[in-house]
Structures are given as structure tokens and as C-alpha cells.
Amino acid sequence: MLPSFELLMPETLPEALEMLAGYAPDAMPLAGGTNLVPDLRGGKRRPGVLVNVHGLDALQYIGRQDRYVVMGAGVSLADVLESELIGAHGRVLQEAARVFANPLIRNRATVGGNLGNASPAADTVPPLLVLDAELKLASAGESRWVGLEDFFVDVCDTICRHVELITAVRWLVPPPRTFSRFRKLTLRKSTAISVVSVAVRVTLGESGRCVDAAVALGAVAPTPIRVHEAEEVLRGEALTPEVIDRATRFACTAASCIGDVRSSAAYRERVTDVLTRRLLAEAQEWSEEQWERS
Ligand SMILES: Cc1cc2nc3c(=O)[nH]c(=O)nc-3n(C[C@H](O)[C@H](O)[C@H](O)COP(=O)(O)OP(=O)(O)OC[C@H]3O[C@@H](n4cnc5c(N)ncnc54)[C@H](O)[C@@H]3O)c2cc1C
């Protein structure tokens with residue numbers, strides 16, 4: 001059963017921020033409710049006040065601003081999947097949206113809610129980490145941009161203050177000759193939480209060598225993580241099997257895998273190896289095609 005709470009229905013973003021400030025720390029934003037409503041039913045969260053931000057116009061856009069792709073936090077996973085702009089400049093995020101839950105949840109669930117919930121298995125996070133995304137945190141009268149890598153503190157814990165709302169996400173349009181992909185392993189084909197997820201971004205230089213790289217893992221640690229050691233291995237190198245092997249081994253070492261209801265720690269470590277290796281091998285094939293074309 002749902003516990004009792006007061007539901008506030010702001011019509012504008014400034015109104016929503018005033019409400020959060022007025023009732024802090026007892027108020028929480030409610031977006032699609034696909035995490036929050038089950039959490040309320042299960043007694044995991046007990047806010048006295050919910051501020052409904054779902055459908056606020058100011059949070060519903062995907063566009064290009066200067067060198068950035070920017071989207072409002074209220075954008076749904078279905079919107080991400082349909083966006084041509086994200087397809088062109090954030091394919092890795094679109095791949096995560098494609099395997100996110102099921103069509104019903106994708107229509108309702110928002111990117112802001114996925115980030116704000118701060119699950120280690122949140123599927124938008126590894127893609128946004130490899131895109132070097134930033135989040136806009138707004139409170140009544142002020143706002144700040146923070147790097148996504150600095151946002152998560154622990155399981156379901158972030159630097160977002162009670163009076164703040166994630167209002168937007170942005171990342172720089174990746175340079176030409178950038179490859180970015182996402183894979184996750186789940187216990188069934190849809191409507192399933194990731195056992196392990198991996199995102200990879202590789203940018204090639206004129207010589208065909210990797211000039212920039214990013215590797216991120218989900219569901220293997222208290223928060224999604226970037227694996228900087230693996231990225232260092234890739235930078236400046238051609239993507240050979242030896243380089244891929246070394247980078248993959250760093251990814252496995254970085255993953256402090258835990259055992260839980262979905263998987264043993266040993267199986268998670270094995271899956272981290274397989275998915276990372278596969279994505280980097282795809283990047284290698286892609287880099288060879290680029291080289292042949294040029
Ligand atoms: C059947 C099912 C399948 C699922 N499958 C997946 C999956 O495949 N991958 C996956 O990653 N997740 C999955 N989820 C989890 C969930 O759907 C996502 O995390 C979703 O993106 C949450 O978004 P929401 O809009 O529903 O957030 P809500 O449930 O409304 O909110 C979630 C949390 O974020 C906070 N919040 C919401 N908006 C903001 C904001 N703008 N700023 C700050 N905090 C905010 C809320 O206060 C709350 O703490 C699944 C859930 C269900 C029920």
C-alpha cells in the first residue's frame with residue numbers, strides 16, 4: 001500500500017524549485033514514478049511531500065546549443081530512442097535506451113529519474129559517462145553544472161541537495177571518427193535490470209590510432225564507474241588484440257564485483273571481461289573499416 005504524502009503539482013520549473021525549497025528536506029521530486037512509486041510501496045522512501053515534475057515544459061527538449069547536445073531531464077527513454085540528434089551524436093545512449101526495460105516503461109521513465117535514483121545499474125549512466133556528460137543542478141534562484149563522474153557518491157546517493165533538481169544533461173558533440181557503443185547482460189531479454197553493463201567510446205586520429213577513449217561500467221560497484229586505467233592503455237595506440245587485452249584486464253580489476261540476487265561476484269567479473277573485450281573488438285573492426293575507406 002502507498003503511504004500517505006502530499007502531492008504538489010507545479011505548473012512551471014521555478015514553481016517546482018520553490019516547492020522543493022519550501023518543504024526541504026521532506027520533499028522529493030516525482031518524475032515518471034517507475035522507481036519512486038515501487039519504493040514508496042515497499043517502504044524504502046517515506047517523503048512527506050512529492051513535487052510532481054513530470055511533463056514540465058522546461059524539462060522536455062532535446063537540442064543543439066553551440067558545441068553541445070543538450071536535453072531536459074524530463075525527456076523519456078522513448079524520446080531518447082526516437083531522437084535523430086542523439087542517434088547522430090550519442091549513439092551509445094540510444095543503444096542503452098533500446099534495451100531499457102520495455103516500451104511501457106520507456107514511455108514513462110525519464111533520464112532525470114534514472115540519474116536521480118542513482119542505482120549502480122542505471123542504464124543511462126555508463127553511456128553518459130563515456131560521453132563526458134555534465135548535469136545541470138538547479139535550485140530556486142541558482143544553478144550549477146557538474147560532471148557526471150562527480151555526481152554519484154554511493155548506492156542511491158548523489159551530490160544533488162534536497163532543494164536541487166537535475167534540469168538538464170549535456171555533452172560535447174563528439175569529433176568525427178568516433179565510435180561509441182553500449183552492451184548489457186540481463187537475466188532475461190527485456191524488463192530486466194543489468195547484471196553488468198559496459199559503454200565504450202573511441203576516437204581515431206589521422207593515423208588511425210586512438211586519440212581519445214572512454215570506458216565505463218555499470219552494476220559492478222556501488223556507483224557506475226569510468227575505468228581511466230583502461231583508457232590510458234588505449235590512448236595513442238592502434239587497437240590491436242594485445243592492446244584490447246590489456247585494457248580489458250584493467251576493466252576487470254577496476255570492477256569491485258559484488259554477489260547479489262542477480263549474479264555471483266565471479267560471474268560478474270567474467271561478464272565484465274566478455275562485454276568489454278567484445279566492444280573493443282567491435283571498435284577494432286570499425287577502425288579497420290575507417291582506415292580502408294580513407
Ligand atoms: C519494470 C521496470 C523495469 C525497469 N528497467 C530498467 C532498465 O532496464 N534500466 C534502468 O536503468 N532502469 C530500469 N528501471 C528503473 C526505472 O524505470 C528508471 O530508473 C527510470 O529512468 C526512473 O525514472 P522516473 O522518471 O520513473 O523516476 P522516478 O521514479 O519518478 O524517480 C526516481 C528517483 O529520482 C528522483 N528524481 C526524479 N527526477 C529527478 C530530477 N529531475 N532531479 C533529481 N532527482 C530526480 C526521484 O526523487 C526519485 O528518487 C525499471 C523499472 C521498472 C519498474
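Here the structure is a predicted model, which is why all the values come from computation and not from measurement. Counting starts at 1 for both ligands and their atoms, in listed order. Side chains are part of it too, since the values below use all heavy atoms of this structure and drop only hydrogens, waters and symmetry mates.
With contacts defined as side-chain heavy-atom distances shorter than 4.5 Å, the pair Phe250/Glu232 does not qualify. Between Leu13 and Leu17 there is a side-chain heavy-atom pair separated by less than 4.5 Å. Contact annotation: the side chain of Ile225 never approaches that of Leu129 to less than 4.5 Å [non-hydrogen atoms, C-beta and beyond]. The shortest distance between side-chain heavy atoms of Met71 and Trp171 falls below 4.5 Å. Between Leu115 and Leu128, some side-chain heavy-atom pair lies under the 4.5 Å cut-off. Looking only at side-chain heavy atoms (C-beta outward), Ser76 and Arg106 stay at 4.5 Å or farther from each other.
What sits closest to atom 47 (O) of ligand 1 on the protein, heavy atoms only, is Pro29 O, 2.6 Å. The protein non-hydrogen atom at the shortest distance from atom 39 (C) of ligand 1 is Gly112 O, 3.8 Å. Residue, atom and distance of the protein heavy atom nearest to atom 37 (C) of ligand 1 are Gly113 CA, 3.6 Å. For atom 12 (N) of ligand 1, the nearest non-hydrogen atom of the protein is Phe100 CZ, 3.3 Å. Leu165 CD1, 3.6 Å is the protein heavy atom nearest to atom 40 (C) of ligand 1. Atom 28 (P) of ligand 1 has Gly33 N, 3.5 Å as its closest protein atom, hydrogens excluded (heavy atom only). The protein atom (non-hydrogen) at minimum distance from atom 4 (C) of ligand 1 is Ala101 CB, 3.6 Å. At the top of the distance list for atom 24 (P) of ligand 1, counting protein heavy atoms only, stands Gly32 N, 3.5 Å.
In Ile105, the part holding a heavy atom less than 4.0 Å from any atom of ligand 1 is the side chain. Within the 4.0 Å heavy-atom criterion, both parts of Leu36, backbone and side chain, lie near ligand 1. Contacts between Lys136 and ligand 1 below 4.0 angstrom, taking non-hydrogen atoms only, are absent altogether.
A salt bridge (Lys or Arg N to Asp or Glu O under 4.0 Å) with Glu231 is found for one member of Arg246, Arg201, Arg226 and no other, namely Arg226. None of Arg98, Arg183, Lys184 except one satisfies the salt bridge (Lys or Arg N to Asp or Glu O under 4.0 Å) rule with Asp123; the exception is Lys184. Test Val173, Val92, Val211, Thr203 against Thr178 for side-chain contact (heavy atoms from CB on, under 4.5 Å) and you get one pass: Thr203.
For ligand 1, one of its N or O atoms has an N or O atom of Lys184 under 3.5 Å away. Backbone and side-chain nitrogen or oxygen atoms of Asn114 are examined, and one is located within less than 3.5 angstrom of a nitrogen or oxygen of ligand 1. In terms of polar-atom proximity, Val99 is not counted as a contact of ligand 1, lacking any N or O under 3.5 Å from an N or O of the ligand. Checked against a 3.5 angstrom limit, the closest N/O atoms of Thr110 and ligand 1 fall inside it.
Those atoms of ligand 1 with a heavy atom of Ala192 less than 4.0 angstrom away are 8 (O). Residue contact check: Asp123 has heavy atoms under 4.0 Å from atoms 7 (C), 8 (O), 9 (N), 10 (C), 11 (O) of ligand 1. The contact set between ligand 1 and Thr191, taken as ligand atoms under 4.0 Å from a residue heavy atom, comprises 1 (C). Close approach of ligand 1 to Ala31 is summarised as follows: ligand atoms under 4.0 Å from at least one heavy atom of the residue are 25 (O), 30 (O), 37 (C), 38 (N). Interface of Met28 with ligand 1, defined as ligand atoms under 4.0 Å from a residue heavy atom, comprises 47 (O), 49 (O). Within ligand 1, the atoms closer than 4.0 Å to a non-hydrogen atom of Ala122 are 11 (O), numbered from 1 in the order shown.
Summarising the geometry of Val202 relative to Ala283, their closest heavy-atom pair is CG2-CB, 4.2 Å, with the distance given to 0.1 Å. Ala251 and Thr272 make their closest contact through O-CG2, 4.1 Å (heavy atoms, listed as atom of the first residue, atom of the second, distance). Scanning all heavy atoms of the two residues, the minimum distance from Ala31 to Arg108 falls at O-NH2, 4.1 Å.
The closest heavy-atom contact to atom 17 (O) of ligand 1, among the options Val37, Val75, Thr34, Asn35, comes from Thr34. Checking Val111, Ile166, Ile193 against atom 50 (C) of ligand 1, the nearest heavy atom belongs to Ile193.
Residue-environment remark: CZ (Arg262) exceeds the threshold of 12 foreign heavy atoms within 6.0 Å.
Contact annotation: Pro38 has no heavy atom less than 4.0 Å from any atom of ligand 1.
In this structure, Arg249 does not pair ionically with Asp273, as no charged nitrogen and carboxylate oxygen lie closer than 4.0 Å.
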